[in-house]
Amino acid sequence: MKRTAVFYGSSTGTTQMVAKQIAYILGADVYDVADKPVSKIQEYDNLILGTSTWGVGDLQDDWEAFLPDFKKNSLAGKAVAIFGLGNAEVYSDSFVDGMRMLFDTVKGSGATVVGFCPSDNYTFDHSEAVIDGEFVGLALDDENQSDLTNTRITAWVDQIKGKLN
Ligand SMILES: Cc1cc2nc3c(=O)[nH]c(=O)nc-3n(C[C@H](O)[C@H](O)[C@H](O)COP(=O)(O)O)c2cc1C
């Protein structure tokens, strides 16, 4: 496998924790987008992008600030996988919406997006991150379903492993 990096934005540390876990399993590097790691993007063949959702359906703040720089990069030939943290009970109408913003950014960039997940094992009313019954990446609710977080991460990493460059 060629080089893989996890880029994450996290306001209270949950997405950071998951980012580090995914990076550890894959032996990948890990960057907080708050540090504006724009020069790092082209060093990797595989990008794993993690965000939480804030406001009502908003992208995490550091991602919001980093996105203009991120968008200047060609992602042609790269494989990209997305994961998102949210709360399906309190924010049942905007569960992990932030993932969709990352997906929309990446999908026109020439990258191959991998790691879609069925949404039927979750309880929520609406998510912009669901397309044709599948989340555009790994959805995690570590506030209400923390008991499922590790299993979901492990299964997802197994799923994407064979699809990375
Ligand atoms: C003010 C506020 C707004 C939130 N809005 C949403 C939301 O719209 N959708 C969602 O799924 N989760 C929402 N959440 C839940 C966070 O995404 C969740 O707590 C997440 O684990 C935070 O991750 P982080 O610490 O990495 O930023 C919100 C939480 C707060 C406190």
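What you see is a predicted model; the values in this text were computed from it and never measured. Atoms within a ligand are numbered from 1 in the order they appear, just like the ligands themselves.
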Ligand 1 atoms in contact with [X] (distance to a heavy atom under 4.0 Å):
X     : value
Phe95 : 11 (O)
Ser94 : 7 (C), 8 (O), 9 (N), 10 (C), 11 (O)
Val96 : 10 (C), 11 (O)
Ser10 : 24 (P), 25 (O), 26 (O), 27 (O)
Gly86 : 10 (C), 11 (O), 12 (N), 17 (O)
Gly13 : 25 (O)
Thr14 : 21 (O), 23 (O), 24 (P), 25 (O), 26 (O)
Asn87 : 10 (C), 11 (O), 12 (N), 15 (C)

**Prompt:** Do the ring planes of Phe135 and Phe124 sit parallel (below 30°), tilted (30 to 60°) or perpendicular (above 60°)?
**Reply:** tilted
**Item:** Proximity of Val56 to ligand 1 by residue part, where a heavy atom lies under 4.0 Å
**Value:** backbone
**Message:** Going by side-chain hydrogen bond (donor to acceptor under 3.5 Å, both in side chains), Gln60 matches just one of Ser11, Ser52, Ser10. Which one?
**Reply:** Ser11
**Prompt:** Nearest to atom 30 (C) of ligand 1, what protein heavy atom do you find, and at what distance?
**Reply:** Trp54 CZ3, 3.3 Å
Contact (N/O only, under 3.5 Å) between [X] and ligand 1:
X     : value
Asp58 : no
Gly9  : no
Ser11 : yes

**Set of residues satisfying side-chain hydrogen bond (donor to acceptor under 3.5 Å, both in side chains) with respect to Tyr91, sequence neighbours excluded** = none
Which donor-acceptor pairs under 3.5 Å do the side chains of residues 76-89 make with protein atoms, sequence neighbours left out?
residue	atom	partner	partner atom	Å
Lys78	NZ	Gln42	OE1	3.1
Lys78	NZ	Tyr44	O	2.7
Asn87	OD1	Glu89	N	3.0
Asn87	OD1	Val90	N	3.0
Asn87	OD1	Asn144	ND2	2.8
Asn87	ND2	Glu143	OE1	2.6

